[in-house]
Amino acid sequence: MGRTEVRQMHFERRAMTPPECSDHHCTRPAKARGMCDRHYKRWARVTPKASRPPARLGRPSREIDLDRARRTFDLELPEMAYLFGFLQTDGNLSTMSRGRGRVSVELSRRDLPILERFQQLVPYRSTITFRTRSTNFSSREPHHSATWHLFDLEARSALESLGLPAGKKSAIIKPPEVPFSEPDYVRALIDADGSVGFTGNGYPFVSFTTASPGLSAYVCEKVLEVTGAHRTVKPNKRDSIYNLLLTCEPAVDFARWLYYDGCLALERKYVKAIEVAAWVRPAGMRQRSSPRRWTPQEDEVVMAMSIAEAAEKLGRTERSVNMRRVRLRKGTARTHGNDASSRSLNECSDADGVPSPSVGSEGRPVGAPG
């Protein structure tokens with residue numbers, strides 16, 4: 001009688017029940033079937049298929065209480081509104097088959113405290129992992145990052161129902177349809193995809209960059225509501241990105257509305273925002289009044305008279321009349337009453353030509369912190 005037959009008789013005497021792995025003979029974790037993979041393979045070789053237990057019993061699926069999860073992520077709570085806005089802009093929701101997936105946010109290691117706060121806020125099990133890699137924006141030293149992972153299906157379903165799309169989302173995200181804390185939600189947008197600080201010329205600014213027309217329109221509405229400054233932002237031609245920029249008094253007012261005492265925010269941007277909120281216009285710098293818009297009647301005068309005569313009649317400088325004439329001839333003059341998008345670059349200038357903040361080709365202030 002061979003060794004195989006002896007083993008088979010041995011297991012038949014034990015009523016075909018697979019032995020359970022224990023610490024005294026196996027250090028590998030036991031599966032749901034009662035033994036580890038290595039011992040199960042050995043036992044299966046000498047056990048008829050009809051007598052084998054299923055390869056994997058698995059766990060019974062947990063019922064999802066979506067209403068309870070949505071109450072957990074109550075966006076009227078300031079910190080939850082901030083968390084949701086941050087996930088919409090800097091987070092990622094991935095889904096796979098059989099209900100698998102995850103919500104993740106990867107930030108620089110210096111922003112680890114905000115991820116730890118997210119982990120404390122969400123009452124579902126989550127993890128934070130670290131990695132070091134070489135990137136195209138840190139060629140000298142490797143980039144150290146931290147990533148917060150949330151795998152729970154119930155939490156993921158609640159976030160998706162509130163307006164966190166799965167997959168590529170940068171162009172389709174929009175403000176949630178349920179009531180939410182607006183200052184905290186907008187602050188998360190600025191922390192994730194915006195910038196706060198001072199330009200190379202020392203002017204305070206708040207900027208926001210997005211590919212979503214819905215978010216762009218919403219933030220412009222909040223700017224008008226909080227500061228009274230009109231903003232009409234159009235996508236650039238290169239990659240259809242919306243670049244919103246506030247400078248001087250509108251930036252100060254908006255920063256004060258966003259970053260209040262004790263709010264949840266990235267520490268480095270909170271410090272800059274406090275400096276911006278404390279900015280006061282220097283005594284020798286005159287504030288520009290409401291821009292005087294060109295009317296169709298003034299355009300007729302500019303084209304019909306000489307520069308000097310038109311300037312005297314309209315009460316404008318010869319330089320402005322000359323520039324208006326050039327733009328009318330080239331067909332680049334803005335439509336009457338539609339110059340709101342260019343106001344932010346001139347708010348720190350007075351009528352006598354005090355220089356405006358230096359701005360790069362994509363609308364980002366030169367020397368502005370990230």
Side-chain angles (χ1 to χ4, degrees), residues 78-94 102-122 124-151 159 164 169-170 173 183-200 202 204-211 215 219 241 243-246 251 254-256 258-279 360 362 364-370:
E79 292 187 333
M80 278 300 179
Y82 180 89
L83 168 64
F84 185 75
F86 209 99
L87 291 178
Q88 276 192 320
T89 47
D90 240 10
N92 178 59
L93 170 60
S94 60
R102 66 179 178 182
V103 175
S104 59
V105 181
E106 184 175 7
L107 299 176
S108 174
R109 190 78 62 89
R110 61 178 175 174
D111 297 324
L112 177 60
I114 202 74
L115 298 182
E116 293 175 338
R117 185 55 185 156
F118 289 169
Q119 193 174 29
Q120 296 171 1
L121 281 175
V122 178
Y124 297 91
R125 184 178 179 275
S126 59
T127 59
I128 296 179
T129 59
F130 304 92
R131 70 169 175 168
T132 301
R133 58 194 172 99
S134 298
T135 63
N136 58 354
F137 54 84
S138 60
S139 56
R140 296 182 179 179
E141 297 180 358
H143 177 65
H144 303 277
S145 64
T147 307
W148 176 59
H149 302 280
L150 176 63
F151 297 94
L159 291 172
L164 178 62
K169 57 176 175 44
S170 58
I173 51 178
D184 303 278
Y185 176 78
V186 179
R187 184 175 65 255
L189 304 182
I190 300 298
D191 277 1
D193 284 345
S195 188
V196 181
F198 292 86
T199 67
F205 78 92
V206 176
S207 66
F208 176 59
T209 302
T210 181
L215 283 187
V219 176
I241 297 297
N243 294 289
L244 171 66
L245 177 64
L246 298 175
F254 205 55
R256 290 174 180 172
L258 292 175
Y259 296 87
Y260 54 85
D261 292 340
C263 67
L264 179 62
L266 292 177
E267 182 63 24
R268 53 191 174 88
K269 292 195 176 182
Y270 178 81
V271 172
K272 285 292 183 182
I274 295 302
E275 297 177 1
V276 168
W279 181 83
E362 295 300 323
R364 179 181 176 82
V366 176

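This chain uses plain numbering: 1 for the first residue, then up along the sequence. Quick caveat: nothing in here was measured; it's all calculated off a predicted structure.
Remark: Asp193 pairs with no residue by the salt bridge (Lys or Arg N to Asp or Glu O under 4.0 Å) rule, at least two apart or across chains. Scanning for ring-ring contact (aromatic ring centres under 6.0 Å, His included) contacts around Phe254 gives Trp257, with sequence neighbours left out. Contacts of Arg110 classified as salt bridge (Lys or Arg N to Asp or Glu O under 4.0 Å), with partners at least two apart in sequence or in another chain: none. Checked against ring-ring contact (aromatic ring centres under 6.0 Å, His included), His144 has no partners two or more places apart in sequence or in another chain. Partners of Glu116 by side chain to side chain donor-acceptor pair (under 3.5 Å), not counting sequence neighbours: none found. For the side chain to side chain donor-acceptor pair (under 3.5 Å) test, no residue two or more places apart in sequence or in another chain qualifies with Thr127. Scanning for salt bridge (Lys or Arg N to Asp or Glu O under 4.0 Å) contacts around Asp191 gives an empty result, with sequence neighbours left out. Applying the side chain to side chain donor-acceptor pair (under 3.5 Å) rule to Ser126 yields the partners Trp148; only residues at least two apart in sequence or on another chain are considered. Applying the salt bridge (Lys or Arg N to Asp or Glu O under 4.0 Å) test to Glu106 and every residue at least two apart in sequence or in another chain returns Arg131, Arg133. Not counting sequence neighbours, the partners of Ala192 by the side chain to side chain contact (heavy atoms under 4.5 Å, CB included) test are Phe86, Thr89, Asp90. With sequence neighbours excluded, no residue satisfies side chain to side chain donor-acceptor pair (under 3.5 Å) with Tyr270.
Side chains of Glu267 and Pro113 form no contact here, defined as non-hydrogen atoms less than 4.5 Å apart. Counting heavy atoms from C-beta outward, Leu159 and Leu93 have side chains that stay 4.5 Å or more apart.
A donor-acceptor distance shorter than 3.5 angstrom exists from the side chain of Lys169 to the backbone of Gln88, with no hydrogens or angles considered. A donor-acceptor pair is defined here as one N or O able to donate and one able to accept, closer than 3.5 Å; such a pair exists between the side chain of Lys269 and the backbone of Gly194.
In this structure, the separation between CD on Glu79 and CG on Asp184 is 8.5 Å, given to the nearest 0.5 Å. Atom CD1 of residue Ile114 and atom CG of residue Leu264 lie 4.0 Å apart, to the nearest 0.5 angstrom. Put simply, CZ on Phe198 and CZ on Phe205 are 9.5 Å apart, with the number rounded to the nearest 0.5 Å. Expressed to the nearest 0.5 Å, how far CG of Leu112 lies from CD of Gln119 amounts to 9.5 Å. To the nearest 0.5 Å, the span separating OG on Ser104 from CG on Leu150 amounts to 9.5 Å. Between Thr147 atom OG1 and Leu107 atom CG the span is 8.0 Å, to the nearest 0.5 Å.
For the pair Met80 and Leu121, the tightest heavy-atom approach, listed with the atom from each and the gap, is CE-O, 3.6 Å. Annotation for Ser170 and Thr210: closest pair O-OG1, 4.4 Å, computed over non-hydrogen atoms. Scanning both residues, Val206 and Ala255, for their nearest heavy atoms gives CG2-CB, 4.4 Å. For Gly85 against Ala188, the heavy-atom pair with the smallest separation is C-CB, 3.7 Å.
The number of heavy-atom neighbours closer than 6.0 Å to CZ of Arg109, taken from other residues, nucleotides and ligands shown, is above 12.
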Q. Hey, mind stepping through Arg268 and Asp111 against side-chain contact (heavy atoms from CB on, under 4.5 Å) and telling me if it holds?
A. CA-CA 9 Å; Arg268 53 191 174 88; Asp111 297 324; 3.1 Å; yes
Q | side-chain contact (heavy atoms from CB on, under 4.5 Å) evaluation trace for Tyr259 with Ile190 | A | CA-CA 10 Å; Tyr259 296 87; Ile190 300 298; 3.8 Å; yes
